[in-house]
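By convention in this document, chain letters (A, B, ...) are assigned in the order of the sequence lines, proteins followed by strands, and residues within each chain are numbered from 1.
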Amino acid sequence: MASITYRKAISRVLKETLDNDPRSFMMGEDIGTYEGAYAVTRGFLDKYGPERIKDTPISESVIVGAGIGAAMGGARPIVELMTINFSLLAIDQIVNSAAKLHYMSGGQVTVPLVIRTVSGGGNQLAASHSQSLEGWYAHVPGLFVVAPSTPSDAMGLFRTAYRDPNTVMFIEHSLLYGAKGEVNDDPDFTIPFGKADVKREGEDVTIITYSRMAHVSLGAAKRLSEEGIEAEVVDLRSLRPMDTEAIVESVKKTSRAVVVEEGWKPMGIGAEVSARIMENALEYLDAPVQRVASLDVPMPYARPLEQAVMPDEDRVIEAVHRLF
Amino acid sequence: MASITYRKAISRVLKETLDNDPRSFMMGEDIGTYEGAYAVTRGFLDKYGPERIKDTPISESVIVGAGIGAAMGGARPIVELMTINFSLLAIDQIVNSAAKLHYMSGGQVTVPLVIRTVSGGGNQLAASHSQSLEGWYAHVPGLFVVAPSTPSDAMGLFRTAYRDPNTVMFIEHSLLYGAKGEVNDDPDFTIPFGKADVKREGEDVTIITYSRMAHVSLGAAKRLSEEGIEAEVVDLRSLRPMDTEAIVESVKKTSRAVVVEEGWKPMGIGAEVSARIMENALEYLDAPVQRVASLDVPMPYARPLEQAVMPDEDRVIEAVHRLF
Amino acid sequence: MKVLSKPLMQKSEYMDLLRQMLLIRRFEEKAAEMYMRGKIGGFLHLYIGEEAIAVGSISALQPQDYIVSHYREHGHALARGMEPRKVMAELFGRSGGTSKGKGGSMHLFDASRGFLGGYAIVGGMMPIAVGLGLGAKHLGNNRVTLCFFGDGAVNEGEFHESLNLAALWNLPVVFLCENNGYGMGSPIQDTFAGTDIFRFAPVYGMNTPGQIDGMDVFEVMDATKEAVDHARKGRGPTFIEAKTYRFRGHSMADPMVYRKKTEEEEWRNKGPIIRMKDHMEELGLLDEAEMQALEAEVDEIVQDAVDFADASSVLPHDAIYDDVYA
Amino acid sequence: MKVLSKPLMQKSEYMDLLRQMLLIRRFEEKAAEMYMRGKIGGFLHLYIGEEAIAVGSISALQPQDYIVSHYREHGHALARGMEPRKVMAELFGRSGGTSKGKGGSMHLFDASRGFLGGYAIVGGMMPIAVGLGLGAKHLGNNRVTLCFFGDGAVNEGEFHESLNLAALWNLPVVFLCENNGYGMGSPIQDTFAGTDIFRFAPVYGMNTPGQIDGMDVFEVMDATKEAVDHARKGRGPTFIEAKTYRFRGHSMADPMVYRKKTEEEEWRNKGPIIRMKDHMEELGLLDEAEMQALEAEVDEIVQDAVDFADASSVLPHDAIYDDVYA
Ligand SMILES: Cc1ncc(C[n+]2csc(CCOP(=O)(O)OP(=O)(O)O)c2C)c(N)n1
Ligand SMILES: Cc1ncc(C[n+]2csc(CCOP(=O)(O)OP(=O)(O)O)c2C)c(N)n1
Ligand SMILES: [Mg+2]
Ligand SMILES: [Mg+2]
């Protein structure tokens, strides 16, 4: 067990993959010479050469489409879309091809493709560059969607994603690359899809969250603890499939729940979690499930405004208070 | 008051617009010579000529982008995307430009654009051509999203959409074009955004729905009535903004709710409605809000399978029964 | 078709090409009939008139090669040797279909023959073709990918992203544009600002024979052979524009208001089957009796396909959940 | 720059072009400084080295014309006459900024000057430029749209969809590709299969002067004048490829590992300002004192912009909800 950054963890598991499976290669914008917009692939081009670390044109649709084709043909591409905002230029390929080819072919073809991308705000990149759209992909049957919050989860989930015969959206967060955490050295350490992780135990309220908001929630939980409220923090990790059981189990214990997400509220992850609690644990609730999400606006550029738009510890605490 | 089809109603309100506002024009794939994939623009090219009824190349991104630009410059384009499935090829322009330009410019520019498109399944068009993705657009601040279920609603909402200075996604349903209904002859009859319509009153259960599923729900309500359950059918009509008040008011009266949508369940319209009821009317509920949605699979081609995937009266009734 | 004094191939090879084109023609005619009778649903895009392209080009492939196509792909499927029974059953939405009835007319697949799909999103197959080429290159398995698409697809951005990447990475892909002059009801001159589609190829530094006669099965075969060869030798992609015409509407739902009858007539007279037949007759390779025998043979296959499809059951409802994930 | 024996314009016009380029240069240098001091956040893409393009091309426009650009648009904004104060305040994220601090460096707008945005999605401004042209044509207001984008944007499908539609509908749009040889860290030859971007134009039947020297403000001005004229006369769009170089990194976050120092040096020596200055000196239009006065004038404007920005407040939090809907 060593403590490394989220960036390092992803970098390491990518290298491990490239080392172990000659069918694998990476492609994306500026992952080679530039070494990655978030420096995840630093040193990769030197180590693996341009045939396996492929810098692409700025052509998101063919980047993903070519990943699909290569995967169908037996190669194991790992595609990087620089951010989830740009994935909108490839969303047709993801949704209409990757997610559906297995089904439309009656099971004849598979698309074992991992699409890595970066979600979230917080870098003052303004409205078109600060979105959290992973919920859209999790809407679509045929895809898997994971969004790790820690180095260990990133490694465990990446291995599962890579070994899976389906297309997996692997959602990273730009503000987490520097976050440190312990990782398991076992190269066979994997985390199954659809398994949430209780990142903190507590008896009084359940906070369901994922990705960067898991950290915000843990911060809030710590402060709540000081006032005597013990929050259980359930990190979904996997958005499709979603671990209803873990959510319900925790809510049955605490009778109160808050969902914290960085995206917009309507038709978001929080709505889904709330609806699942409604369906599976209504009778256990002492108060209505609260949703904490970004404000319902395009992201403004100015730092104080941007900070006010995204959920923070204060807003999580406020939501918890509303339950008591 | 005359009874006309949904197709005719939309056709009529489009003509009225073209007749009254010289700034307006239409553009889209095969709306001219071919007279529209769903024959909504039959006779338009002859009547208005190619300068106002513009057949475009199959280039969804520039179709929408050009609509945005023309709207910013003071024209009043009405853009047609043949189906919502193809809107994925234009979604970047819709989400990253149309929805955000007003905000990113600090209020300097506006994008008064109506994007008409067709959602839903039921025509055996299989997985990539049968989706109900309007919830995605309703996720995005900066857009308005409406999805009328009747000729009258279509006319009233279209007028509001056209007169609005923002971008509006106007969602039609291919299986509704032949549906008839009374329409108001007043050319100033409009329906405000964010106003649901109670399509049927009832005391026992609330069915919240929109678009074609409003008809399915009404059918179910009729049958439920025969067994003594009076369902209130709330047609959202507008998905952004969504009429929380109408939902809550009805649920307070009935204490039971089912949400019926044609799209997939996770992060869908039903999730959102359920979460809003959770937040605003939990204490009034006698049973957990139920969601009825398409099965969580890509749409199969074979008719019996397709029919089994989409919600029908039986499934709505079943969901209602679960509440008692 | 070049006027020849003597055959360039074995008679059996001529017969085979003719048989394939005829099979497609009759299959499509039967499909239209079945659609009218409500046996087939959804969209049905017939390939009638364009048979020479599928038959000519696919004959240039080896068994390990890949094909991807658009939604007007019955012809490509049959030319690749996919079983007419299974194809028809797929159109019927039955469990005996190529996708067990889940894909339908627009989504034919036969992985065992490298037929990796009809794609219903215009242009959507092109990035995937690039990927198949990329995968083949990466794995070093020497497979070539043949990618069919229409003239309308040229206006999708993906067309260009695909051409550029294939050329940039020198991938073994043959892009074959079936230019039938229309995208639904829109004539190409109303949607494409240029005059010749193939002229994009040189801008990307891509090999191209230019525009070829898509009604001439030999011209298509030769051009594709060269392109496949080029790809197989590691020299990269080729762009072929084959001029053709669809004799029927865009789909069965097409009201057909946008074309002149004289134009249709003209093209019909240039049809691939009529030309092949005349050509073979001129060369003394085909007589009336042989032609009748061939028709009978083909009709039987098609009728058998319909019988098979009709007898095949629809998948049970619980199979709806299969094949979502592998 | 052509060697001339006598000036082609008034001295004041020369001075004006030089002043504009210098203003952009100094503004950008100051912005870099402010970024390092934490006054500016997000991405900051400097225009240093490319000034001749913005200044030359925009000088060919009339006040009613439109401009759209990418995220590297401070130069275009200033050349259009947008107030440096407001631009700097926008970079600072302040209420005195062009978008009240909501847009930032990548999203400058000034509707009063027809400056309709910096766009942060590569290629995203091109369809919008087509639409502005379409709107102008529809409304008959004779406005021309000038659209800036980089060489990297050429590989986005939207580039082609836009060129095609503009050419097809004969719209008054000037596409100006700022080919600085790189998209982030990727040299164009690693991402574009062709050799010359402008060669797409003739395939679409679009007017083009080909590749011009983007370091020569006059060449840019002349080419754009012709293009704007062409558009204004109803003859349709023009495609201009201007060769240039960015002297700095892609953004302030660029580790700059991918370019040779010698290459950078070479281009710096061809820089637009140095060339203009030399040119004017040769023609006897500029002496040392005038240059110093100009620098002082420009420095003062830039310092004033910083002072203004610094004094401007951030919007109050409740203004977050404004401007979502009109
Ligand atoms: C992205 C997308 N846009 C629109 C459509 C609707 N559509 C189906 S086929 C077609 C015309 C395509 O024409 P072409 O590529 O020339 O092929 P052809 O039908 O002539 O063989 C259109 C517009 C679609 N399926 N996908
Ligand atoms: C759709 C999209 N993909 C990727 C990016 C990330 N990105 C920002 S700028 C850039 C390079 C663009 O290069 P070019 O068009 O040559 O313009 P330059 O920066 O050289 O002026 C990239 C890849 C983006 N903003 N949008
Ligand atoms: Mg065609
Ligand atoms: Mg560049």
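Heavy-atom pairs under 4.5 Å with chain B were tallied for His129(A), Glu272(A), His102(A), Arg240(A); the largest tally goes to Glu272(A). Counting heavy-atom pairs closer than 4.5 Å to chain B, the top residue among Val289(A), Leu239(A), Asn85(A), Leu89(A) is Val289(A).
Taken from OG in Ser128(A) to CE in Met104(B), the straight-line distance is 5.5 Å, to the nearest 0.5 Å. Atom OG of Ser87(A) is separated from atom CG of Asp92(B) by 9.5 Å, given to the nearest 0.5 angstrom.
Using a 4.5 Å cut-off between heavy atoms, Val140(A) touches chain B through backbone and side chain atoms alike. Ala99(B) touches chain A through its backbone: at least one of N, CA, C or O sits under 4.5 Å from a heavy atom, while the side chain does not. Of the two parts of Ala126(B), neither the backbone nor the side chain holds a non-hydrogen atom closer than 4.5 Å to a non-hydrogen atom of chain A. Within the 4.5 angstrom heavy-atom criterion, no atom of Val259(B) approaches chain A. Using a 4.5 Å cut-off between heavy atoms, Ala287(B) touches chain A through its backbone atoms (N, CA, C, O) alone. Interface residue Leu282(B): only side-chain heavy atoms are found under 4.5 Å from chain A.
Closest approach of Ala127(A) and Lys100(B) over heavy atoms only: O-CE, 3.1 Å. Scanning all heavy atoms of the two residues, the minimum distance from Asn96(B) to Leu88(A) falls at ND2-CD1, 3.7 Å.
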Check the pair Arg322(B) / Glu279(A) against salt bridge (Lys or Arg N to Asp or Glu O under 4.0 Å), numbers first and verdict last. CA-CA 11 Å; Arg322(B) 286 200 296 270; Glu279(A) 289 154 6; over 6 Å; no

Taking it one step at a time, do Leu285(A) and Met278(B) satisfy side chain to side chain contact (heavy atoms under 4.5 Å, CB included)? CA-CA 10 Å; Leu285(A) 286 180; Met278(B) 166 75 81; 3.5 Å; yes

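Annotation: side chain of Leu133(A) is in contact with side chain of His139(B) (closest heavy-atom distance under 4.5 Å). Counting heavy atoms from C-beta outward, Gln131(A) and Val95(B) have side chains that approach closer than 4.5 Å.
Contacts from residues 261-271 of chain A to chain B, taken as heavy-atom pairs separated by less than 4.5 Å, involve Trp264(A), Lys265(A), Pro266(A), Met267(A), Gly268(A), Ile269(A), Ala271(A) in sequence order. Using a 4.5 Å heavy-atom cut-off against chain B, the contacting residues of residues 297-309 of chain A are Val297(A), Pro298(A), Met299(A), Pro300(A).
Within 6.0 Å of the NZ atom in Lys253(A), the count of heavy atoms belonging to other residues, nucleotides or ligands exceeds 12.
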